[in-house]
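Residue numbering restarts at 1 for every chain, and letters A, B, ... go by the order of the sequence lines.
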Amino acid sequence: MLIATWNVNSVRARLPRLLPWLETLRPDVVCLQELKCRDEDFPAGPLEELGYNILSYGQKTYNGVALLSLERAEDPIRGFPGDPDASQKRVITATFGDLRILNAYVVNGREVGCAAYQHKLDWLAKLREFVAAQLSEYPRLVLTGDFNITFDDRDVYDPEAWREKILCSTPERAALADLTGLGLTDLFRYFHDEGGHYSWFDFRTRGFQRKLGLRIDHFLASGPVLEASRDVRIDLVARDGEKPSDHAPVLLELLEQSEPSERGMTAETDTP
DNA sequence: ATGGTGGATTTTCCA
């Protein structure tokens, strides 16, 4: 089973890259961020032709998230339940088989100390509350998306230049650690200990050509999903070439789900 | 310190 996350930086502008990528990889679930379009403007037709079901939660110009899946999604939730401020469409959640997937586009925050930065920390606190509630209901859970936060200096091409800057500051990293503190594991780091692997490269500095980037797109998984995980990789080919997004897709490979009867048998027959 | 590029919508905002 293959699950992907990709900040596409406008789903309509990225369609010429997204469609052949879907045809080649055929991920079972794709978590998209930064749609930059309303749901009625989402290019559903060509994606449905490839066999994908679509759950989108978009708005004009900014933000927007979607879940594409080969199998139909169940129990979707758009945004945070009961959130009075639904002006920014940044999170969508659904169940696929026995897996609960939360797809988030975390607030960027612009600059440490500004109003947007405080909004980022406030939003992350709401995300944590939502994830905790979902975990109590769905133990097999994946939280993925564009977190706009590096875990540590291994995720940064020039740690000294980025010290306490946006995407790298101590309060942001503490908020990220608060999420993993719920019992979630950074799956990329679980499989790859070394630094130098990045998922975002700045257009402005021609970061991709210079291999200077940050790792800010993550898969955080609960224990049962960690046990079923095979590998996480960053698809740099999709970041290269004509009209790419500034983010590369990140891919999680899971062991195939066991049959319900098989699971039941294992649980009962494992005990001597 | 600034600007560089890219997308959507517009003469600027956000990343």
Side-chain angles (χ1 to χ4, degrees), chain A residues 5-19 21 31-44 46-47 56-66 79 85-92 103-124 127 144-151 155-158 160-169 171-173 175-176 198-218 234-250:
Chain A
T5 181
W6 194 2
N7 178 323
V8 288
N9 188 16
S10 167
V11 67
R12 288 176 294 181
R14 215 58 57 213
L15 215 53
R17 298 302 305 267
L18 179 59
L19 293 175
W21 181 83
C31 303
L32 299 177
Q33 305 90 35
E34 277 212 87
L35 306 178
K36 293 186 170 181
C37 70
R38 301 174 299 183
D39 292 336
E40 55 265 43
D41 299 324
F42 191 96
L47 296 172
S56 74
Y57 184 51
Q59 65 189 100
K60 196 178 166 187
T61 309
Y62 303 120
N63 310 317
V65 285
D85 177 20
S87 61
Q88 298 189 340
K89 318 299 190 197
R90 293 183 175 276
V91 61
I92 188 166
N103 172 23
Y105 172 47
V106 174
V107 176
N108 173 286
R110 199 202 306 268
E111 188 182 358
V112 173
C114 73
Y117 181 77
Q118 189 55 51
H119 176 233
K120 180 180 198 171
L121 297 177
D122 293 344
W123 194 88
L124 283 161
L127 177 64
T144 186
D146 175 3
F147 288 74
N148 270 317
I149 307 173
T150 55
F151 275 94
D155 298 337
V156 186
Y157 68 88
D158 185 345
E160 293 316 316
W162 284 82
R163 186 75 59 211
E164 295 303 332
K165 298 286 196 300
I166 195 68
L167 316 184
C168 301
S169 72
E172 291 168 86
R173 286 179 175 177
L176 191 53
Y198 310 125
S199 64
W200 172 83
F201 303 86
D202 200 330
F203 286 132
R204 290 171 287 192
T205 55
R206 309 218 168 270
F208 185 74
Q209 289 79 356
R210 302 159 67 204
K211 300 294 168 214
L212 306 180
L214 304 176
R215 190 175 72 92
I216 57 178
D217 301 272
H218 305 302
I234 301 172
D235 183 1
L236 293 178
V237 174
R239 178 61 182 80
D240 203 354
E242 289 290 306
K243 290 265 179 192
S245 168
D246 46 353
H247 292 253
V250 185

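Between the side chains of T150(A) and R173(A), a donor-acceptor pair is found at a separation under 3.5 Å. In the model, K36(A) has a side-chain atom that pairs as donor or acceptor with a side-chain atom of N9(A) under 3.5 Å. Between the side chains of D235(A) and W21(A), at least one donor-acceptor pair of N or O atoms lies under 3.5 Å.
Between the P atoms of dT9(B) and dA15(B), the separation comes to 15 Å (whole Å). Rounded to whole Å, the P atom of dA1(B) lies 22 Å from the corresponding atom of dC14(B). Nucleotides dT2(B) and dT11(B) place their P atoms 24 Å apart, quoted to the nearest Å.
Distance check: R90(A) CZ to Q59(A) CD gives 8.0 Å after rounding to the nearest 0.5 Å.
Nearest nucleotide to the side chain of T61(A), out of dG7(B), dA15(B), dT9(B): dT9(B). Nearest to the side chain of E34(A), among dG7(B), dT5(B), dA15(B), sits dA15(B). Closest approach to the K60(A) side chain among dA8(B), dT9(B), dT5(B) is made by dT9(B) (side chain taken as heavy atoms from C-beta onward). Nearest to the side chain of A13(A), among dC14(B), dA15(B), dA8(B), sits dA8(B). Across dA15(B), dT5(B), dA8(B), the shortest atom-to-atom separation from the side chain of R206(A) is found for dT5(B). For R204(A), counting side-chain heavy atoms from C-beta on, the closest listed nucleotide (dT9(B), dA15(B), dC14(B)) is dA15(B).
R14(A) comes within 4.0 angstrom of the backbone, heavy atoms only, and of no base.
Along DNA chain B, the nucleotide nearest P244(A) and the nucleotide nearest V107(A) are compared for position; the residue whose nucleotide lies closer to the 5' end is P244(A). Residue T205(A) is the one, among R12(A) and T205(A), whose nearest nucleotide of DNA chain B lies closer to the 5' end (criterion: closest heavy atom).
Ring geometry for F201(A) versus F208(A): interplanar angle over 60°, hence perpendicular rather than tilted (30 to 60°). Between W200(A) and W162(A), the ring planes are perpendicular. Angles over 60° get that label, and only those under 30° would be called parallel.
With rounding to whole Å, K165(A) atom NZ is found 9 Å from dA1(B) atom P. For the pair N108(A) CG and dG6(B) C1', the interatomic distance rounds to 15 Å; values are reported in whole Å. A straight line from CZ of R239(A) to P of dT5(B) spans 14 Å, rounded to a whole angstrom. In this structure, the CD atom of Q33(A) is 17 Å from the P atom of dG7(B), given to the nearest Å. One interatomic measurement links the two molecules: NE2 of H119(A) to C1' of dA15(B), which rounds to 15 Å at whole-angstrom precision. One can place CG of N9(A) at 13 Å from C1' of dC13(B), the figure rounded to the nearest angstrom. Between L15(A) atom CG and dG7(B) atom C1' there is a gap of 15 Å when expressed in whole angstrom units. With rounding to whole Å, Y105(A) atom OH is found 14 Å from dG7(B) atom P.
Remark: K243(A) is in phosphate contact with dG7(B), judged by side-chain N or O atoms under 4.0 Å from OP1 or OP2.
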